[in-house]
Amino acid sequence: MTFANEILAWYERNKRDLPWRTTTNPYNIWLSEIMLQQTRVSQGLPYYQKFVENFPAVEDLAEASEEKVLKLWQGLGYYSRARNLHATAKMVAYEYDGQFPDTYKELLALKGVGDYTASAIASICFGRPEPVVDGNVYRVLSRYFGVDIPINSTEGVKYFKQLAREVMHLERIRDYNQGIMEFGAMQCVPQSPNCQVCPLSSSCKALKEGTVGSLPVKLKKTKVKTLYFNYLVPISKGGLTILEQRTDNGIWRNLWQFPLLESKKELELKELKVQLEASEHFSKALNVSRFDPMSIIHKLSHRHIHTVFWIIELNDISNGGIPFEKVEQYPVPVLIDEFLKRLKNSYFWPLNDSRL
DNA sequence: AAATCGGGGAG
DNA sequence: CTCCCAGATTT
């Protein structure tokens, strides 16, 4: 039996029951593929359900506000995916008459759709013979064929795409592509795969050569930078606070947060107070206090953000204030969302306390 | 070619 | 702690 036929046979016996596997509707497939970029099925699944409920068709997503799209996306990460998702929904709804294009090349032109996603939609929705190469496929192919070219090198990307094209199943591309990814996710897993029960074990080159544990080869990871964030959380006697939108390029773009003061190292209360004297909003602060005894270390793949939330009690907020109860309507980073949960369990809550 | 962009789960 | 997930885009 050929490689492709083994994959297909394994897939028929082992595939998970997932909502996007019961349709070939391009809107649903596209939505699931964008959400699953660099994201495990278990993490993306509840978001997929939420989006399908709120936006049954591409027109519904196109008509929604970016605020609502980001709020529903909150917690899934890589927020440029949500912004590109919204832009592409508008493009398809208003420029393409609600119809997704059906070729790899045209799909590739959509925002947020790269080589992998264009191939996935073209094959799964339209049966086109385009090989998908995601993290799972890199692992399966590198092991089965014993390829040690780094998968994130220019040469590797090209080599594995070509190899994937050579071994794919042309007639059953829809199931084959999903099958090889599922095989990587369930059987040929990154750590300690159970090769004893693998249907490809007799012809797997890495297993024969004892290199399963060292494949695929990947070039060095980028090193983590440490940042120091001081979030200034205004609380006025009228129950108002201040939220600002992150508008510059970079992390959490277009999400909302409390006024932020970045520093080179952790600030002491005294140092912070000096800075607040010169600020527009906070020079008349009644009281300033650190919220958490220990600073929060929010860990991202490329950033460690040491964070202190400072409660700034004020008589009033002259302009730009919003009722604290409305904060939860805004899309915010997980870091902020978790603080809000702690705040609601603290003695600051509820805010209209005689203490203030 | 390298850096950037999030968050979470497995081991 | 490390690794990596149905990657895309910018620098």
Side-chain angles (χ1 to χ4, degrees), chain A residues 11 15-16 18-21 28-48 70 73-85 87-88 107-121 123-124 130-140 150-158 160-161 164 176-186 188-193 213-214 216-225 227 246 248-255 297-305 331-338:
Chain A
Y11 183 58
K15 66 176 174 184
R16 287 170 290 183
L18 299 171
W20 49 84
R21 293 225 168 113
N28 294 81
I29 299 300
W30 162 73
L31 186 57
S32 70
E33 294 299 346
I34 300 298
M35 287 183 166
L36 294 177
Q37 289 167 3
Q38 291 294 285
T39 305
R40 291 169 196 283
V41 167
S42 58
Q43 189 186 1
L45 188 51
Y47 287 85
Y48 176 80
L70 283 173
W73 196 274
Q74 180 180 308
L76 196 53
Y78 287 153
Y79 297 93
S80 66
R81 290 186 295 173
R83 300 192 304 270
N84 287 332
L85 184 85
T88 290
L107 288 162
L108 193 59
L110 300 174
K111 282 189 178 180
V113 175
D115 176 78
Y116 162 78
T117 304
S119 302
I121 300 172
S123 60
I124 296 171
E130 298 290 344
V132 292
V133 185
D134 73 334
N136 294 304
V137 176
Y138 279 121
R139 188 167 53 254
V140 173
I151 61 174
N152 54 344
S153 65
T154 302
E155 183 192 3
V157 169
K158 200 171 163 186
F160 282 98
K161 179 84 178 181
Y176 170 79
N177 270 345
Q178 295 185 79
I180 188 170
M181 291 190 285
E182 187 83 334
F183 182 78
M186 308 291 288
C188 196
V189 294
Q191 308 294 334
S192 318
S214 58
V217 173
K218 204 168 181 179
L219 296 176
K220 60 163 176 20
K221 58 240 176 265
T222 58
K223 74 183 243 281
V224 178
K225 279 185 192 168
L227 301 175
R246 296 181 65 96
D248 20 324
N249 283 322
I251 193 172
W252 300 328
R253 180 165 186 189
N254 290 17
L255 271 61
I297 305 180
H298 189 68
K299 293 183 177 179
L300 306 178
S301 49
H302 61 307
R303 297 279 186 271
H304 284 182
I305 306 177
V332 297
V334 165
L335 173 61
I336 300 289
D337 198 49
E338 290 180 340

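All values below were derived from every heavy atom in this structure, side-chain atoms included, with hydrogens, water molecules and symmetry-related copies excluded. In what follows, chains carry the letters A, B, and so on, assigned in the order in which the sequence lines appear, proteins first and then strands, with residues in each chain numbered from 1.
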Under 4.0 Å from OP1 or OP2 of [N]: is there any side-chain N or O of [X] that close?
X: A:Thr39; N: C:dA6; answer: no
X: A:Tyr79; N: B:dG7; answer: yes
X: A:His302; N: B:dT4; answer: no
X: A:Trp252; N: B:dG7; answer: yes
X: A:Arg303; N: B:dC5; answer: yes

side-chain hydrogen bond (donor to acceptor under 3.5 Å, both in side chains) pairs, two or more places apart, involving residues 75-84 of chain A: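 Applying side-chain hydrogen bond (donor to acceptor under 3.5 Å, both in side chains) to every pair that reaches into residues 75-84 of chain A, excluding sequence neighbours, yields A:Thr39-A:Arg81.
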Please give the distance between the [atom1] atoms of [N] and [M] as a whole number of Å.
N: C:dA6; M: B:dA10; atom1: P; result: 13 Å
N: C:dC4; M: B:dC5; atom1: C1'; result: 15 Å
N: B:dG6; M: C:dC5; atom1: C1'; result: 12 Å

Hey, does the side chain of [X] reach the backbone of [Y] with a donor-acceptor pair shorter than 3.5 angstrom?
X: A:Tyr138; Y: A:Gly156; value: no
X: A:Arg21; Y: A:Arg16; value: yes
X: A:Thr88; Y: A:Leu85; value: no
X: A:Trp73; Y: A:Gly77; value: yes
X: A:Arg139; Y: A:Cys188; value: yes
X: A:Arg303; Y: A:Lys225; value: no

Check every strand shown and say whether [X] touches a base, only sugar-phosphate, or nothing at a heavy-atom separation below 4.0 Å.
X: A:Arg16; value: nothing
X: A:Val41; value: sugar-phosphate
X: A:Gly44; value: nothing
X: A:Trp73; value: nothing
X: A:Asp115; value: sugar-phosphate
X: A:Ile34; value: nothing

Distance in angstrom units between [X] [atom1] and [N] [atom2], rounded:
X: A:Leu70; N: B:dC5; atom1: CG; atom2: P; value: 16 Å
X: A:Tyr116; N: C:dG7; atom1: OH; atom2: P; value: 6 Å
X: A:Phe183; N: C:dA6; atom1: CZ; atom2: P; value: 15 Å
X: A:Leu219; N: C:dC4; atom1: CG; atom2: C1'; value: 15 Å
X: A:Asn136; N: C:dC3; atom1: CG; atom2: P; value: 18 Å
X: A:Asp248; N: B:dC5; atom1: CG; atom2: P; value: 11 Å
X: A:Leu85; N: B:dC5; atom1: CG; atom2: P; value: 20 Å
X: A:Leu36; N: C:dA6; atom1: CG; atom2: P; value: 7 Å

Which listed nucleotide ([options]) is nearest to the side chain of [X]?
X: A:Pro333; options: C:dA8, B:dG7, B:dT4; value: B:dG7
X: A:Asp134; options: B:dG7, C:dA6, C:dA8; value: C:dA6
X: A:Arg81; options: B:dG6, C:dA8, C:dC5; value: B:dG6
X: A:Lys225; options: C:dA6, B:dT4, B:dG6; value: B:dT4
X: A:Tyr78; options: C:dC4, B:dG6, C:dA6; value: B:dG6
X: A:Gln38; options: C:dG7, B:dG7, C:dA6; value: C:dG7

Contacts of type side-chain hydrogen bond (donor to acceptor under 3.5 Å, both in side chains), residue A:Asn28, not counting sequence neighbours: A:Tyr48
A:Lys161: side-chain hydrogen bond (donor to acceptor under 3.5 Å, both in side chains) partners, not counting sequence neighbours: A:Asp115, A:Ser119
Between the protein and nucleotides 9-11 of chain C, which nitrogen or oxygen pairs are less than 3.5 angstrom apart?
{"residue": "C:dT9", "atom": "OP1", "partner": "A:Gly112", "partner atom": "N", "Å": "2.4"}

Verdict with supporting geometry, A:Gln37 and A:Tyr116, side chain to side chain donor-acceptor pair (under 3.5 Å): CA-CA 9 Å; A:Gln37 289 167 3; A:Tyr116 162 78; over 6 Å; no
What's touching nucleotides 8-11 of chain B from the protein side, N or O pairs under 3.5 Å?
{"residue": "B:dG8", "atom": "N2", "partner": "A:Arg40", "partner atom": "NE", "Å": "3.4"}

A:Lys218 vs A:Pro150 side-chain heavy atoms within contact, under 4.5 Å: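 They are not in contact (no side-chain heavy atoms under 4.5 Å apart), so the answer is no.
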By side-chain contact (heavy atoms from CB on, under 4.5 Å) - contacts of A:Glu155 (at least two apart): A:Ile149, A:Ser153
A:Leu335 or A:Lys223, whichever maps to the more 5' nucleotide of DNA chain B: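 Its nearest nucleotide being more 5', the pick is A:Lys223.
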Pair of N/O donor and acceptor under 3.5 Å linking C:dA8 base with A:Arg83 side chain: no
